[in-house]
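Below: one structure, written as structure tokens.
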Amino acid sequence: MSTVEKISVALPPEMIAVIRAAVDSGEYSSASEVIREALRGWKIKRKVEALELDELRRLVQEGIDSGPSIDAEIVFSRLREAYASRNPEEAQG
């Protein structure tokens, strides 16, 4: 069995009203249950954010490791030239 420690938390009236409404509606049996579920959601959100940040870092590193970039205008210019040499009638417009 886990140990329970009581703490005091100051909340604005709007949050207290939401907690009380959830308990009064029977959705939760106590304010503590509402807070515990909120904290579980918060922990999950933080974990997801950490995973997303790790994934972004991985993708940035993958981009860095892929080598130097090429200016987009150069790439499009080369593509236009290659396309024009294959379809001269369409390249004229």
Side-chain angles (χ1 to χ4, degrees):
M1 180 172 205
S2 66
T3 306
V4 176
E5 181 180 341
K6 290 187 177 189
I7 64 169
S8 175
V9 178
L11 297 172
E14 301 82 25
M15 288 184 171
I16 297 294
V18 170
I19 293 168
R20 286 191 175 134
V23 174
D24 292 346
S25 72
E27 188 177 355
Y28 295 90
S29 62
S30 69
S32 292
E33 189 178 317
V34 176
I35 300 301
R36 281 192 297 270
E37 182 166 317
L39 287 172
R40 283 190 291 271
W42 175 72
K43 283 174 54 178
I44 290 169
K45 179 180 176 259
R46 287 175 51 109
K47 181 66 175 171
V48 168
E49 288 171 349
L51 291 171
E52 288 173 345
L53 184 57
D54 288 346
E55 178 66 4
L56 285 173
R57 285 183 176 133
R58 186 192 68 75
L59 290 170
V60 166
Q61 189 60 51
E62 184 179 306
I64 291 168
D65 293 345
S66 71
S69 63
I70 300 173
D71 184 84
E73 193 51 47
I74 294 171
V75 172
F76 288 122
S77 175
R78 289 177 186 168
L79 288 171
R80 282 190 288 275
E81 289 173 15
Y83 183 74
S85 69
R86 292 189 181 126
N87 298 304
E89 292 174 8
E90 288 187 32
Q92 293 176 1

With sequence neighbours excluded, residues passing side chain to side chain contact (heavy atoms under 4.5 Å, CB included) with Leu53: Arg57
Side chain to side chain contact (heavy atoms under 4.5 Å, CB included) partners of Val18, counting only residues at least two apart: none
Pairs meeting criterion side-chain hydrogen bond (donor to acceptor under 3.5 Å, both in side chains) with involvement of residues 4-28, two or more places apart: Tyr28-Glu37
side-chain hydrogen bond (donor to acceptor under 3.5 Å, both in side chains) contacts touching residues 39-48 (sequence neighbours left out): Lys45-Glu49
Closest heavy-atom pair and its distance - Ala22, Val34: CB-CG2, 4.1 Å
Glu81: side chain to side chain donor-acceptor pair (under 3.5 Å) partners, not counting sequence neighbours: none
Residues that, via side-chain heavy atoms closer than 4.5 angstrom, fall in one hydrophobic cluster with Val60: Ile64
Results of side chain to side chain donor-acceptor pair (under 3.5 Å) for Arg58 - residues two or more places apart only: Glu55, Glu62
Counterpart residues, side chain to side chain contact (heavy atoms under 4.5 Å, CB included), relative to Val4 (two or more places apart): none
Residues that Val9 engages under side chain to side chain contact (heavy atoms under 4.5 Å, CB included), provided they are two or more places apart: Ile7, Leu11
With Ser66 via side chain to side chain donor-acceptor pair (under 3.5 Å) - residues at least two apart: none
Hydrophobic cluster (4.5 angstrom, side-chain heavy atoms) - remaining members for Val48: Ile44
Pairs meeting criterion side-chain hydrogen bond (donor to acceptor under 3.5 Å, both in side chains) with involvement of residues 68-79, two or more places apart: Glu73-Arg80
